[in-house]
Amino acid sequence: MIFPEYLEWLEKTSWAADIRQSLWLYPVLEIVHILGIVLLVGPAFMFDLRLLGFSRSLPVAGLSTHLLPWSRRGLLLIIPSGVLLFITNAKTLGNDPVFWLKMGLLLVAGLNVFIFHNFILRLNTHIGGELRFSAKISACVSIIVWISVIACGRLLAY
């Protein structure tokens, strides 16, 4: 068991107990979490599709400026709601390999975003109007990882 005392303590906090005992709080947190996922992944997918060559008439820089702030806003919903959902069942989730796979995939997603924005996008992404191959690889990684994160989240519910 991973940090059993800490996981048990989390589950016994008043916040976790209040969420579990409330008729509406847990479902509302789930809705907020899903809304955050929509705000994060929807714009990211649209941007990734542009990197893969769809909607070539839309400039990458303009699309980035328009779509990606919505992804950041989604994080503002996902992180706190995810933490609150986790504490309600910390002992079980903390020992579930699917949960840790999801956390690992989230790290991969964050690393992909960091590499893309700090290296691929900044370092002459366009060559003769075409995107570099590295941008397309980053887009594929993003799509695969986000689908996998969502799948893991759904598997945790069962």
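Everything quoted here is computed from the prediction, not taken from an experiment. Residues take their numbers from the sequence shown, with the count starting at 1.
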What donor-acceptor contacts under 3.5 angstrom involve side-chain atoms of residues 21-28, with partners at least two apart or in another chain?
from	atom 1	to	atom 2	distance (Å)
Ser22	OG	Trp24	N	3.2
Ser22	OG	Leu25	N	2.9

Checklist entry - Looking at residues at least two apart in the chain, or sitting in another chain, which of them share a side-chain hydrogen bond (donor to acceptor under 3.5 Å, both in side chains) with Ser81? => result His33
Roughly how far, to the nearest 0.5 Å, is [atom2] of [Y] from [atom1] of [X]?
X: Ile19; Y: Leu29; atom1: CD1; atom2: CG; answer: 5.0 Å
X: Ile79; Y: Leu76; atom1: CD1; atom2: CG; answer: 7.5 Å
X: Leu40; Y: Arg73; atom1: CG; atom2: CZ; answer: 12.5 Å
X: Met46; Y: Leu63; atom1: CE; atom2: CG; answer: 7.5 Å
X: Ile87; Y: Leu7; atom1: CD1; atom2: CG; answer: 12.0 Å
X: Cys140; Y: Phe133; atom1: SG; atom2: CZ; answer: 7.5 Å

Are [Y] and [X] connected in a single hydrophobic cluster, I mean Ile/Leu/Val/Met/Phe/Trp/Tyr linked by side-chain heavy atoms less than 4.5 Å apart?
X: Trp100; Y: Leu93; result: yes
X: Ile143; Y: Ile78; result: yes
X: Val113; Y: Ile147; result: no
X: Ile144; Y: Val108; result: no
X: Leu68; Y: Leu77; result: no

Given 3.5 Å as the limit, does a donor-acceptor pair link the side chain of [X] with the main chain of [Y], or not?
X: Arg154; Y: Ala151; value: no
X: Arg50; Y: Leu58; value: yes
X: Ser142; Y: Ser138; value: no

Checklist outcome for this item: The ring pair (Phe, Tyr, Trp, His ring centres under 6.0 Å) partners of Phe99 (sequence neighbours excluded) come to Phe86
Item to check | Set of ring pair (Phe, Tyr, Trp, His ring centres under 6.0 Å) partners for Trp15, sequence neighbours left out | outcome: none
Between [X] and [Y], is any pair of side-chain heavy atoms under 4.5 Å apart?
X: Leu106; Y: Trp146; result: yes
X: Ile120; Y: Ile137; result: no
X: Val60; Y: Leu121; result: yes
X: Val41; Y: Ile150; result: yes
X: Leu101; Y: Leu105; result: yes

Where is the tightest heavy-atom contact between [X] and [Y], given as atom of each residue plus distance?
X: Glu11; Y: Lys91; value: OE2-N, 2.7 Å
X: Ser64; Y: His117; value: OG-CE1, 4.4 Å
X: Ser71; Y: Pro43; value: OG-CB, 3.6 Å
X: Cys152; Y: Val98; value: O-CG1, 3.6 Å

Item to check | With Thr92, the side chain to side chain donor-acceptor pair (under 3.5 Å) member among Asn95, Asp96, Asn89 | outcome: Asn89
Next on the checklist: Under the ring pair (Phe, Tyr, Trp, His ring centres under 6.0 Å) definition, can you give me all pairs with a residue in residues 47-70, not counting sequence neighbours?
Outcome noted: Phe47-Phe116
Checklist outcome for this item: Here the salt bridge (Lys or Arg N to Asp or Glu O under 4.0 Å) pairs for residues 19-48, sequence neighbours left out, are none
